[in-house]
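Just below is one structure, and these are the notes that go with it.
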Amino acid sequence: NLKRRDHFITFISLVSMIGIALGVMVLITVLSVMNGFSKEVREKILSVTPHLVLYGPMSEAKTPSLMQTMMANSLVSSVAPFIEGQGMMTRQGVVRGVVIKGIDPHSVNTIFPLKQSLIEGSLEGLAPGSFGVILGEKLGMALNADIGSKVTLVIPEVNVSIAGATPRLKQLTVLGFFKAEFSLDSGLGFVHLEDAQKLYKMKGEMSGLQAKLNNPFRSGEVVHALRKQNLGPYYITDWAEMNGTYFGAVQMEKRIMFLTLMMILAIAAFNLISTLVMVVTDKRSDIAILRTLGASRRKIMAIFISQGSVIGVIGTFIGVILGILLALNVETLVSEIEKLFGVKFLAEEVYLISKLPSHLIASDVVLIAVV
């Protein structure tokens with residue numbers, strides 16, 4: 001009977017250990033997937049977005065000194081001027097709102113990888129005076145435009161003449177299409193910097209400067225440093241601030257997911273406590289013998305605490321190993337399951353990505369193991 005009871009307690013201890021291991025493994029994997037999702041979407045956003053932007057009209061004479069000031073910061077790797085204006089784009093009766101961005105095609109890829117985002121056409125055709133435009137994929141589809149198509153840009157500024165007030169129009173030639181996420185390709189077009197100056201009557205002026213950083217995660221430091229320098233009547237912002245709502249939501253979801261999954265570990269911990277209570281009850285006679293032989297209450301308590309700690313530490317260690325292995329291979333594993341059962345877990349039009357990404361962060365693993 002005693003032997004059967006010992007086996008039962010050993011089984012309960014094993015269940016407690018497995019519970020802790022599973023909890024740790026699931027927590028590491030889920031947080032890694034959330035990190036991977038955030039990283040994947042961040043890379044898609046930065047494909048057509050600079051790390052840092054300084055907004056404000058500036059003369060071409062002042063532009064070099066401002067660029068030099070920004071480049072003086074060791075975290076800034078490259079700076080380039082840009083022109084930005086709004087308007088409406090129309091073709092065959094279809095009208096869409098659009099933001100036109102004037103860029104230098106030779107230096108734009110030092111700021112963000114626009115070339116890699118192109119799905120059709122090239123930047124080579126963006127020459128001064130060509131009035132060519134690179135359109136976002138969704139905008140091009142809405143206008144039913146192809147390479148070489150003519151689209152009309154309506155600029156929100158009127159020409160006043162004897163005939164009255166008429167809007168300013170300019171015909172642009174479509175040179176290519178780029179793909180971006182978060183509907184960034186549904187209302188954005190790129191033209192040559194000089195063409196944008198002519199379109200928006202900004203000869204000798206720029207709309208601002210855009211910069212690329214060595215480490216985009218330290219963009220807040222650069223913004224703070226530049227704001228302290230009092231560069232003038234300019235507004236400085238970074239990619240995180242421009243997309244703050246999304247990344248704030250992801251961080252909140254990650255925290256809530258962490259707290260929710262911690263309940264799994266809490267259940268495993270209560271299971272472990274129940275096991276130790278059963279062991280104490282079962283070993284009352286042995287405890288009485290030890291007390292008779294002179295063992296203190298503290299020493300006897302240490303025996304049971306050691307047993308619980310061993311179960312907890314082994315369970316955590318196994319969970320960390322399994323969690324790391326699963327997090328590193330979850331993309332392949334999910335892909336194989338999709339092929340095996342002919343299902344699709346992630347629809348790209350809903351989740352922005354078609355695969356389950358994973359990005360393992362050491363600090364998350366350490367935090368989970370310590371907790």
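Just so we're clear, the structure is a prediction, and the values are computed from it rather than from any experiment.
Under the 4.5 Å side-chain heavy-atom criterion for ILVMFWY residues, a single connected hydrophobic cluster contains both L322 and V30. Residues I264 and I314 fall within the same hydrophobic cluster, defined by Ile, Leu, Val, Met, Phe, Trp and Tyr side chains chained together at heavy-atom separations under 4.5 Å. Hydrophobic clustering (ILVMFWY, side-chain heavy atoms < 4.5 Å, transitive): L261 and I324 are in one cluster. Under the 4.5 Å side-chain heavy-atom criterion for ILVMFWY residues, a single connected hydrophobic cluster contains both V280 and I303. A chain of hydrophobic side-chain contacts below 4.5 Å, direct or via other Ile, Leu, Val, Met, Phe, Trp or Tyr residues, connects L14 to I311.
Here the OG1-CD1 distance, from T281 to I287, works out to 8.5 Å after rounding to the nearest 0.5 Å. Atoms CD1 and OG1, on I337 and T332 in that order, are 11.0 Å from each other to the nearest 0.5 Å. Atom-to-atom distance recorded for L54:CG and Y234:OH is 7.0 Å, nearest 0.5 angstrom.
Side chains of V24 and F317 form no contact here, defined as non-hydrogen atoms less than 4.5 Å apart. When side chains are defined from C-beta on, L188 does not count as touching L139, because their heavy atoms never get closer than 4.5 Å. For the pair L265/L27, a side-chain contact is recorded, criterion being any heavy-atom separation below 4.5 Å from C-beta on. At least one side-chain heavy atom of K170 sits less than 4.5 Å from a side-chain heavy atom of L172. Counting only heavy atoms from C-beta outward, the side chains of I83 and M206 approach each other to under 4.5 Å. Contact annotation: the side chain of S149 approaches that of R91 to within less than 4.5 Å [non-hydrogen atoms, C-beta and beyond]. Side-chain contact between E336 and L340 is absent, with no heavy atoms from C-beta onward closer than 4.5 Å. In this structure the side chain of Y200 reaches within 4.5 angstrom of the side chain of I155, judged on heavy atoms.
Not a single salt bridge (Lys or Arg N to Asp or Glu O under 4.0 Å) links E60 to another residue, sequence neighbours left out. By the salt bridge (Lys or Arg N to Asp or Glu O under 4.0 Å) test, E221 pairs with R218, sequence neighbours left out. In terms of the ring pair (Phe, Tyr, Trp, His ring centres under 6.0 Å) criterion, residue partners of Y55 (sequence neighbours excluded) are, by chain and number, F82. By the side-chain hydrogen bond (donor to acceptor under 3.5 Å, both in side chains) test, S77 pairs with no residue at all, sequence neighbours left out.
Minimum heavy-atom separation, I318 to M17: CD1-SD, 4.5 Å. Across all their heavy atoms, K62 and L231 have their closest contact at NZ-O, 4.2 Å. Closest approach of I368 to F258, counting heavy atoms only: CG1-CE1, 3.9 Å. In terms of heavy atoms, G308 sits closest to L272 at O-CD2, 3.6 Å. When all heavy atoms of E137 and K179 are compared, the closest pair comes out as OE1-NZ, 3.3 Å. Closest approach of S32 to L360, counting heavy atoms only: OG-CD1, 3.1 Å.
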Ignoring hydrogens and angles, write down the donor-acceptor pairs under 3.5 Å from the side chains of residues 120-127, residues two or more places apart or on other chains.
unit_1: S122; atom_1: OG; unit_2: E124; atom_2: OE1; d: 3.2

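At most 12 non-hydrogen atoms from other residues, nucleotides or ligands lie less than 6.0 angstrom from CD of Q68. In M252, the CE atom is not crowded: 12 or fewer heavy atoms of neighbouring residues, nucleotides or ligands sit closer than 6.0 Å. Around atom CE of M242, more than 12 heavy atoms belonging to other residues, nucleotides or ligands sit under 6.0 Å away.
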Task: Residues K150, T173; criterion side chain to side chain donor-acceptor pair (under 3.5 Å); working and verdict - done: CA-CA 5 Å; K150 300 290 184 182; T173 305; 2.7 Å; yes
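Side-chain heavy-atom separations under 4.5 angstrom define the hydrophobic clusters, and M141 shares its cluster with no other residue.
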